[in-house]
Participant: 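One structure coming up, written as structure tokens, with questions to follow.
Values reported hereafter were calculated over all heavy atoms of this structure, with side chains retained and with hydrogens, waters and symmetry mates removed.
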Amino acid sequence: MTLQRNDTSDEQNNHLTRLASVGQIAAGIAHEVRNPLTAVKGFLQLLQEQSPHTYLDIAHQELDNAISTLQDLLNVSKPDLDDEPYQSINLCVELDAILNLFQDKMYKIRVERKYENVDLEIMGRKNQLKRAIFNVIKNAFESISDEGTVSVRHSLDADGKQARIIISDTGSGIPKEKLALLGTPFFSTKSEGTGMGLVQVFSTVYQHGGTIDIDSEESRGTTFCIRVPMERSRASGVVELDLTYRPDMSLEQFMLHNKEAFEESLLNEAMNLRELLVDIQTIGSIDLLQNAHKLVIFLVRNQHYEIMNFAKEEGMLWAKQPSLNLSVKLEWFQSIRRVLWSFLYNYDRLCGTAVTRESYYSQERQINSTLDIFLQQFVVSYTTIKDELIQAHQEMINDLSVPIIPMSSSISILPLLGTVDTHRAKMIREKVLHQVGKMQIQTLLIDMSGVALLDAVVADHLFKIVNGIGFMGCSAVITGIRPEIANTMVELGIQFNDKVKVKGTLQQAFEEIRSSALL
């Protein structure tokens with residue numbers, strides 16, 4: 001069974017969409033999840049020193065696995081953001097260096113090398129490509145349970161435009177129905193695998209403009225054929241576009257002159273978001289296309305301060321619109337990134353020798369770094385505003401759940417409704433004491449007709465409310481105790497002191513207050 005990954009228009013784009021989704025997840029939650037897990041790991045270590053236990057060892061090991069998975073997710077979530085420059089890579093030298101890392105396997109697994117051209121070199125990010133090749137070779141060794149052969153070859157394609165790296169093994173092979181899932185995040189044929197290794201492989205090869213073919217048969221082995229262009233390749237999915245260019249045109253001028261083409265490319269790249277653009281502008285007054293142009297100009301000008309402010313504004317706008325999904329914004333951001341790299345590729349192509357490689361590589365790294373700044377500031381602003389809104393919403397709910405109703409300048413009603421659990425009882429006590437002091441309430445009618453149930457803890461908080469307002473010169477009148485609540489109070493041995501008045505209903509309490517000329 002052969003899986004071909006060389007359809008640049010469909011297969012790669014679909015696969016890269018899945019990889020982009022990993023980046024979106026990582027950008028939003030990976031750091032936030034990893035940090036508390038690391039803290040928990042530290043506390044477990046302290047507990048283990050004080051009170052050693054087997055369960056703590058297991059918990060510690062599982063935390064290490066979780067943190068390792070998150071780190072893998074972060075490593076593959078943004079492969080095109082590394083500052084590593086493109087450089088000349090001698091495949092023969094690097095393949096041998098990688099194979100030497102598996103010396104411990106070679107006593108039972110035979111390694112075959114076949115290098116057609118020892119001087120063959122490609123342009124790429126060396127560390128990224130070495131890690132990708134390492135992952136494939138590692139999988140080849142691990143697929144062989146006993147004795148077998150791993151074969152590593154490299155050569156030029158017939159047209160001389162692509163270098164081929166072919167890695168074969170005589171291992172267990174991959175089932176036909178699972179072959180198409182290779183490179184999918186969190187899919188692995190290994191019992192304890194996460195699938196992140198092959199995600200990094202596919203991502204790196206695509207980022208270098210390459211392709212991957214996989215041939216596999218169960219019990220017979222697997223062959224990976226990686227093709228990478230001899231000339232340097234930019235970001236994934238780049239194509240040659242018919243764009244306006246004049247000699248000595250700066251990158252900013254190039255982007256401004258081709259604004260409509262950029263917009264069209266962006267809409268094509270984010271096809272599934274096209275229908276949402278009008279809704280987003282209507283709901284949140286956010287013009288995604290205009291903001292994309294604004295971001296790009298800030299990027300090419302290297303205006304860090306403006307980008308940080310713009311990211312904060314964007315984060316605030318999206319956070320304040322509950323109907324706007326954060327994943328939509330992150331997907332749109334990924335589309336901007338891919339289209340921008342396509343335009344950078346075409347600008348470099350049209351410039352020819354007008355722009356030196358050194359200056360262009362420097363500009364690439366600068367834009368990558370600035371894109372990171374924008375995304376980081378956007379997420380920080382978004383989460384900060386969201387937290388503030390959630391807190392304000394919770395405070396409003398808390399206030400509404402403790403509705404002290406003033407009847408006169410000195411008398412108020414506190415209707416207790418629904419289930420009063422321990423947390424809510426404590427919150428009610430704190431709010432009531434605050435309001436009694438603030439409003440100078442002299443008599444508080446506590447109506448319990450709407451209370452669903454009562455336990456000893458809740459009753460204790462009720463006594464604390466009564467005693468607390470008593471210290472502040474406020475008397476309590478409790479009304480609406482239903483038979484089932486009264487029965488619970490009897491079973492719990494609850495008794496009110498002489499200072500607390502109890503009436504059957506609010507109406508009876510009002511009548512007594514009137515008769516006492518308190519109203």
Participant: Kindly write out the residues that satisfy side chain to side chain contact (heavy atoms under 4.5 Å, CB included) with S265, not counting sequence neighbours, or none if the list is empty.
Facilitator: L241, V339, F343
Participant: Answer whether the closest heavy-atom distance between the side chains of M255 and L340 falls below 4.5 Å.
Facilitator: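 Yes; the side chains approach each other to less than 4.5 Å.
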Participant: Taking only residues at least two apart or on different chains, which pairs with a member in residues 147-168 satisfy ring pair (Phe, Tyr, Trp, His ring centres under 6.0 Å)?
Facilitator: Y115-H154
Participant: Output the distance between atom CD (E142) and atom CG (D169), rounded to the nearest 0.5 Å.
Facilitator: 11.0 Å
Participant: What's the shortest heavy-atom distance between C225 and R164, and which atoms?
Facilitator: SG-CD, 4.2 Å
Participant: With side chain to side chain donor-acceptor pair (under 3.5 Å) as the test, would you mind laying out the steps for H304 and N302 before giving the verdict?
Facilitator: CA-CA 6 Å; H304 283 219; N302 196 24; 2.8 Å; yes
Participant: Take atom CZ in R113; do more than 12 heavy atoms of anything else shown fall under 6.0 Å from it?
Facilitator: yes
Participant: Give, for atom CD1 of I373 and atom CZ of F298, the distance between the pair rounded to the nearest 0.5 Å.
Facilitator: 13.5 Å
Participant: Could you give the distance from CG (N346) to CH2 (W341), rounded to the nearest 0.5 Å?
Facilitator: 13.5 Å
Participant: Measuring from D96:CG to L91:CG, what's the distance to the nearest 0.5 Å?
Facilitator: 11.0 Å
Participant: Can you tell me if K114 has over 12 outside heavy atoms packed within less than 6.0 Å of its NZ?
Facilitator: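 No.
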Participant: State, yes or no, whether a side-chain contact exists between I109 and T170 at a heavy-atom distance under 4.5 Å.
Facilitator: no
Participant: Can you name the residues that form a side chain to side chain contact (heavy atoms under 4.5 Å, CB included) with L289, not counting sequence neighbours?
Facilitator: E263, L266, L267, L277, D287, W332
Participant: Give every residue pair that meets the ring pair (Phe, Tyr, Trp, His ring centres under 6.0 Å) criterion with at least one member in residues 119-151, sequence neighbours excluded.
Facilitator: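 Matches after skipping sequence neighbours: F102-F134, F102-F141.
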Participant: Could you pull out all residues at least two apart from E112 that satisfy side chain to side chain contact (heavy atoms under 4.5 Å, CB included)?
Facilitator: R110, T149, S151
Participant: Measuring from S155:OG to R227:CZ, what's the distance to the nearest 0.5 Å?
Facilitator: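 Answer rounded to 0.5 Å: 8.5 Å.
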Participant: For Q253 and D248, work out which heavy atoms get closest and say how close.
Facilitator: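 Of all heavy-atom pairs spanning Q253 and D248, the closest is OE1-O, 4.1 Å.
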Participant: Do any pairs count as a salt bridge (charged side-chain N to carboxylate O under 4.0 Å, His left out) and have a residue in residues 302-314, sequence neighbours left out, and if so which ones?
Facilitator: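 Checked against salt bridge (charged side-chain N to carboxylate O under 4.0 Å, His left out) - neighbours excluded - the pairs reaching residues 302-314 are E314-K329.
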Participant: So which atom in I98 and which in K130 form the shortest heavy-atom distance, rounded to 0.1 Å?
Facilitator: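 That closest heavy-atom pairing would be CD1-O, 3.6 Å.
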